[in-house]
Amino acid sequence: MGNCFKTPSTDDISLLRGNESQEGSDQSLGPPPPYQERVPVFHPSPNVSRPANQLSEEEQIKIAKRLGLISHLPSGVYDGSSKKGKECAICMCDFVLGEGLRFLPCMHTYHKTCIDDWLMRSFTCPSCMEPVDAALLTTYETN
Amino acid sequence: MAGLPRRIIKETQRLMAEPVPGISASPDESNARYFHVLVQGPKDSPYEGGMFKLELFLPEEYPMSAPKVRFMTKIYHPNIDKLGRICLDILKDKWSPALQIRTVLLSIQALLSAPNPDDPLANDVAEKWKVDEKAAIEEARNWTRKYASAQ
């Protein structure tokens with residue numbers, strides 16, 4: 001199965017072992033370090049949390065598609081214009097000049113990091129519950 | 001408690017500064033994510049005159065996932081089971097991070113005013129509600145008097 005999420009393997013260590021005779025003692029190498037790399041956690045559906053290396057192929061496709069859709073949503077930087085509201089409804093903090101924002105098709109605005117985290121779980125606007133892809137389609141149709 | 005998110009601090013402050021009528025929520029002394037909640041039985045409902053104790057917990061993922069809420073006081077309601085678990089869409093699949101402790105508790109108060117026996121959690125209660133609503137409401141009143149009378 002095509003797993004796009006790369007997991008560390010121990011192959012490179014075994015390759016190193018091939019040179020042991022030249023390097024001398026293999027004791028210096030010691031046991032491999034304990035597995036410590038942090039695997040990113042995804043949420044294929046709300047309430048489901050799974051490390052990247054335990055996702056089914058179907059879930060990987062869903063997540064990849066979702067990442068693609070999110071990257072197409074307009075984003076920008078807070079320039080102090082207050083007409084779009086000044087507080088992020090997710091973290092309840094005020095927007096600060098220069099912070100990254102994401103603009104949803106329903107015209108609601110959030111911190112980019114806050115809303116992207118949510119959109120990976122549910123593709124809906126937290127404030128109006130409008131499905132983001134449906135809103136995207138109607139935006140395209142009216143244009 | 002290391003790293004309590006700003007949002008939780010803000011919500012707690014706002015809850016204290018502008019409490020919701022008929023609802024009180026205060027954080028536990030030793031755990032800022034655990035709230036002791038009191039909800040007054042709404043007027044013109046079989047729960048009127050009752051004071052219901054609930055517990056509310058904000059999980060690690062909050063606000064990306066919903067608070068966990070449970071009735072501690074026994075209550076006769078088609079959408080609340082014996083263990084106090086609540087069948088409410090916004091606590092499950094309809095959760096949104098724009099909702100807050102305040103809105104969750106208001107929704108629970110509204111659920112007391114408008115029981116929904118067609119989407120039951122406590123099956124026997126819902127059955128009773130559908131077969132003989134008058135008797136069910138009377139039973140809810142009895143339970144309120146018996147278990148939820150303020151002092």
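Residue numbers start from 1 in every chain, and the chains themselves are labelled A, B, ... in the order their sequence lines are given, proteins ahead of strands.
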Review point. Who wins among B/Arg14, B/Lys94, B/Arg6, B/Glu11 for the most heavy-atom pairs under 4.5 Å with chain A?
Key: B/Arg14
Exercise for review: Sort A/Cys88 into side chain, backbone, both or neither according to what part of it lies under 4.5 angstrom from a heavy atom of chain B.
Suggested key: neither
**Study point:** Residues, nucleotides or ligands: over 12 heavy atoms within 6.0 Å of B/Lys146 NZ
**Key:** no
Point to revise | Over 12 foreign heavy atoms within 6.0 Å of NZ, A/Lys65 | key: no
Review point. Got a second to check how far A/Arg121's CZ is from B/Trp95's CH2, nearest 0.5 Å?
Key: 12.0 Å
Point to revise | Pairwise distance CD1(B/Ile9) to CE(A/Met92) - rounded to 0.5 angstrom | key: 11.5 Å
What are the two closest non-hydrogen atoms of [X] and [Y], and how far apart are they?
| X | Y | value |
| --- | --- | --- |
| A/Pro126 | B/Ala98 | O-CB, 3.4 Å |
| A/Cys91 | B/Arg7 | O-CB, 3.3 Å |
| B/Pro63 | A/Ile90 | CG-O, 3.5 Å |
| B/Met64 | A/Trp118 | O-CZ3, 3.4 Å |

Is it possible for you to say whether [X] and [Y] belong to one hydrophobic cluster, with membership spreading through side-chain heavy-atom contacts below 4.5 Å?
| X | Y | result |
| --- | --- | --- |
| B/Val104 | A/Met129 | no |
| B/Tyr147 | B/Leu54 | yes |
| A/Val132 | A/Leu67 | yes |
| A/Leu69 | A/Tyr110 | yes |
| B/Met16 | B/Phe35 | no |

Practice item. Would you please test A/Ser49 and B/Glu61 for side chain to side chain contact (heavy atoms under 4.5 Å, CB included) and show each step? Key: CA-CA 10 Å; A/Ser49 306; B/Glu61 295 265 274; 4.1 Å; yes
Study note, to complete from the structure: Among A/Cys114, A/Cys125, A/Cys93, A/Ser127, the residue with the most heavy-atom pairs under 4.5 Å to chain B is A/Cys93
